[in-house]
Amino acid sequence: MDYQFLALTIATAIGISTAILVAATGELLVEKVGVYNIALEGVMLVGALTGFIAGQTTGSWVLGLIAGGVAGCAFAMVFGLITVVLRTDMIVVGVALILVALGTTQTIGSSYVAVEAVTKIPNADIPVLSSLPFIGTALFQQTWVTYIAMALPFVVAFILFRTRHGLNMRAIGENPNAADTAGLSIVGWRLFYVAVGGVLAGVGGAYITLGIVDSWAGNVTAGQGWIAFAIVFFAGWQPLWILVGAYFFGALSVLGDVGQVMGWGVPSEAFTVLPYVGTVAVMMLRAWKQKSKGAVSWPAALGLPFYRG
Amino acid sequence: MKESLIDAVAVLPPTPKRSFSPWRIERRPDPERISLYRISAVLLGLAVSLVVAPFFTSTPPAEFYGAIWSGTFGSPLGMSNVLTIATPLILAGLAASIPYRLGLWNVGIDGQMLMGAWTATAVAFAMPQAPGFLMIPTMMIAGMIGGALWIIIPTFARLVLGVSEVITTFLLNFVAVGWVAFWCTGPWYPKSSAGGVRAEPIPIQGEIGKMDIQGIVVTWGILISIALPFVFWAAFRFTRWGYEVTMIGDNHRAGRYGGMNVRRLLVTSMLMGGLLAGFGGTIYMMGTSGQLSTSLTNNTGFNGLVIAVLAGSNELAVLALAFIYSLLLAGGGSLGIVGVDSDLVFAIIGITLIFGSFGEAYARLRLVRTKSAGARSDSKVKEAPWTINSSH
């Protein structure tokens, strides 16, 4: 494998991981305050279609991404209102919303199938750095969204672990009763972060239709929402591990294709399955290591509805 | 690290509380008739979404409803479809319902169905010359074992390591799809490929027979599917296992004080879930598809999970809801004839479920007018952990 090919492979892996990375970072924020939005795949689908339609009508990918984010936010808020305010079960509502997203996007988007995008997110070569041999091709010839997505986990890590705001977030996810006593509005914070997670998942979805496949098709996200959901667990709720997980899982899907072309003799299914096997294995290993310490890696109130008292 | 975090919160200066609305949501002290509210809300949601749905399409409402009618009750073919869809769906509903009685989530039914069907296929290919009376029961048993094996790791992870079974069962679905895809594209690649990721069909004597009741053609697998909810309904009332599961489902601690082995019951009910799912996948493959494929389950598992939650630990309600659900899926499938994307039915089901959630929320919660901060009454009634005779 020559170096140019390797560099291009890395560049592709980073590029297609962007949507997963953005969505997973959003999901991390949601889970840190104690909610898991299992409808992530649905939110991404809604964002993908809305972003694509907005891109087609306005001809601007920026507006497309914004529209995707707004739609994702609105759709996630449905989830938030039902689960956080009305305290119903997150799994059932999540499954219901995925079905709604699948059905409505398929129906509304049927006239956009196999239409080429009029606007695409362009690559933005970083001056000087992009002309470096190998590294330049691999890392610095991406879109702006990809660069921002790379920085996102660092920003989230800073907020979570270095600010009072982040301390409050973690408190709400770990012990909502204590946080409530300290005067934080649990429902308000949770709703806010469900919305933030929805924006990020919607932008991630729009990035798929505007930046990766450049077209719309039914179920275009093809499980990327599930992978993003799995990455949060894989990462053990650590923002920087989200970065590792997203690029690792993104690389795997590229490796599956590369392996086919190069004739490695490894079935491509091995690469598609590895993220999920890896996540389950990592979760079990971590739980096994922490069992003796009596600690858990997930936010202690994850998935539990909040009642005062 | 955890302790320090909570200490830190405790010493934060309390922020003055701002109340944005004069209303507050709180739990009803005596939530009753939850399933009544839930089912009525589901039916209301179904009615609303069915009325609204045609307006999202360019099809005239008369044709829209005509297609749904002829796809269900309106024709023998429609009825055959409904029953064919119901056969694995009832089993998937049970596969979720039985662990759910103990508060465990089986979100991996699709994977267990696929693995059951895979194991059954492997057995059939291992004895291609065996006569049908030998092959059919062997395949069925193999399918049950395959499904049960696929839930062992999540069960172990939950009981020994404390890892949530929601995530592990769920993620293993994708692993099962990959595994089946590998066998369909590799060792069992069909001699005559007909699109999709499908395996070589199982030997003809391994297929289960079909009945023809006045034009309604369906495999006799439906008889097993209809019988099993009654079997479990009876088991939960008349056997020791059923009594213990019901008891612990109501109150883990009471069961443990009563000398029950909670851990063993959790394991058996999870394995029972996997076994039923595996059986469902197998019976569908042996009766309807005739070959293993990655699209074999077509989200039957998720639909089963939803049915189980709506049915609320009642096996006969699982049967009824699975039938209604099958009507919807079959009716939605027939919408393609009038040019409507058949996935629209997913939206109808999803919106129906959201109505159901509202119904449940209404049964559990109430809106109260907030008084001045000092005079807030706390009406939450704390149930003593040893209370056994709870209302449900």
Side-chain angles (χ1 to χ4, degrees), chain A residues 38 78 82-83 85-89 91-93 95-104 106-108 110 164 167-168 170-171 174-175 178-179 181-185 188 218 223 226 230 233 267 269-270 272-273 275-277 279-280 283-284 287-288 291 295-296 298 300 302-303 307-309, chain B residues 1-2 5-6 8-10 12 14-18 25-27 56-57 105 107 153-154 157 161-164 166-168 171-175 177-179 181-182 185-186 302 305-306 309-310 340-341 343-354 356-358 360-361 364-365 378 380:
Chain A
I38 206 168
V78 177
I82 301 174
T83 58
V85 179
L86 298 180
R87 275 92 164 166
T88 49
D89 190 86
I91 297 173
V92 175
V93 177
V95 170
L97 284 178
I98 289 168
L99 293 175
V100 171
L102 208 58
T104 45
Q106 202 100 299
T107 310
I108 296 170
S110 56
R164 169 158 297 184
L167 181 66
N168 287 343
R170 287 184 288 147
E174 300 285 354
N175 191 339
T181 312
L184 303 173
S185 160
W226 296 129
F233 291 81
E269 290 84 10
T272 53
V273 154
Y276 304 110
V277 178
T279 303
V280 171
M283 281 177 76
M284 288 174 66
W288 183 61
K291 201 170 183 271
V296 290
W298 53 86
L302 182 60
Y307 293 105
R308 182 169 288 164
Chain B
M1 187 249 157
K2 292 258 146 92
L5 176 62
I6 285 155
V9 171
L12 286 180
T15 345
K17 199 151 215 113
R18 284 166 299 171
I25 293 174
E26 65 173 34
R27 270 186 287 194
F56 281 91
T57 68
W105 289 89
V107 197
I153 292 176
L161 302 172
V163 176
S164 162
V166 176
I167 309 305
T168 47
L171 293 182
L172 285 180
N173 283 330
F174 300 102
V175 182
V177 172
W179 176 252
F182 166 72
T185 51
F302 281 127
L305 177 75
V306 163
V309 175
L310 288 179
V340 177
D341 197 311
D343 283 321
L344 186 65
V345 74
F346 287 132
I348 294 176
I349 291 171
I351 288 167
T352 305
L353 290 176
I354 290 169
S357 309
F358 278 115
E360 174 150 359
R364 284 188 198 279
L365 306 170
D378 192 4
K380 194 174 93 53

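Below, chains carry the letters A, B, ... as their sequence lines are ordered, and counting in each starts from 1. Just so it is clear, the model here is predicted, and its values are computed rather than measured.
The part of A:I91 that comes within reach of chain B is its side chain, from C-beta onward, which places non-hydrogen atoms under 4.5 angstrom from that chain. No part of B:I348 comes within reach of chain A, as not one of its non-hydrogen atoms sits under 4.5 angstrom from that chain. Only the side chain of B:I167 comes within less than 4.5 Å of a heavy atom of chain A; its backbone N, CA, C and O stay farther away. Contacts of B:L161 with chain A are made by both backbone and side-chain atoms, with heavy-atom separations under 4.5 Å. Heavy-atom distances place no part of B:T352 under 4.5 Å from chain A, backbone and side chain included. The contact between B:V166 and chain A is made entirely by side chain atoms (from C-beta outward), counting heavy-atom distances below 4.5 Å. Within the 4.5 angstrom heavy-atom criterion, atoms from both the backbone and the side chain of B:V175 approach chain A. Both the backbone and the side chain of A:L86 come within less than 4.5 Å of a heavy atom of chain B. Interface residue A:V277: backbone and side-chain heavy atoms are both found under 4.5 Å from chain B.
Every residue two or more places apart in sequence or in another chain was checked for a side-chain hydrogen bond (donor to acceptor under 3.5 Å, both in side chains) with A:T107, and none qualifies. For A:F233, the ring-ring contact (aromatic ring centres under 6.0 Å, His included) partners two or more places apart in sequence, or in a different chain, are A:F229, A:W237.
Between A:W226 and B:F302, the angle of the ring planes stays under 30°, which puts this pair in the parallel group of the 30/60° scheme.
Nearest heavy-atom pair, B:P154 versus B:T168, reported as atom, atom and distance to 0.1 Å: CB-OG1, 3.4 Å. For A:E174 against A:A300, the heavy-atom pair with the smallest separation is OE1-N, 3.2 Å.
Side-chain atoms of A:E269 do not come within 3.5 Å of backbone N or O of B:W179 as any donor-acceptor pair. Side chain of B:N173 to main chain of B:V107: a donor-acceptor pair is present (N/O by atom type, distance under 3.5 Å, no hydrogens or angles).
Heavy-atom pairs under 4.5 Å with chain B were tallied for A:I82, A:I38, A:V95; the largest tally goes to A:I82. For the set A:T279, A:V273, A:L302, A:L102, the entry with the most heavy-atom pairs within less than 4.5 Å of chain B is A:V273. With chain A as partner, the option from B:F358, B:F346, B:F174 having the largest number of non-hydrogen pairs under 4.5 angstrom is B:F174.
Taking the side chain as every heavy atom from C-beta outward, B:V306 and B:L353 approach each other to under 4.5 Å.
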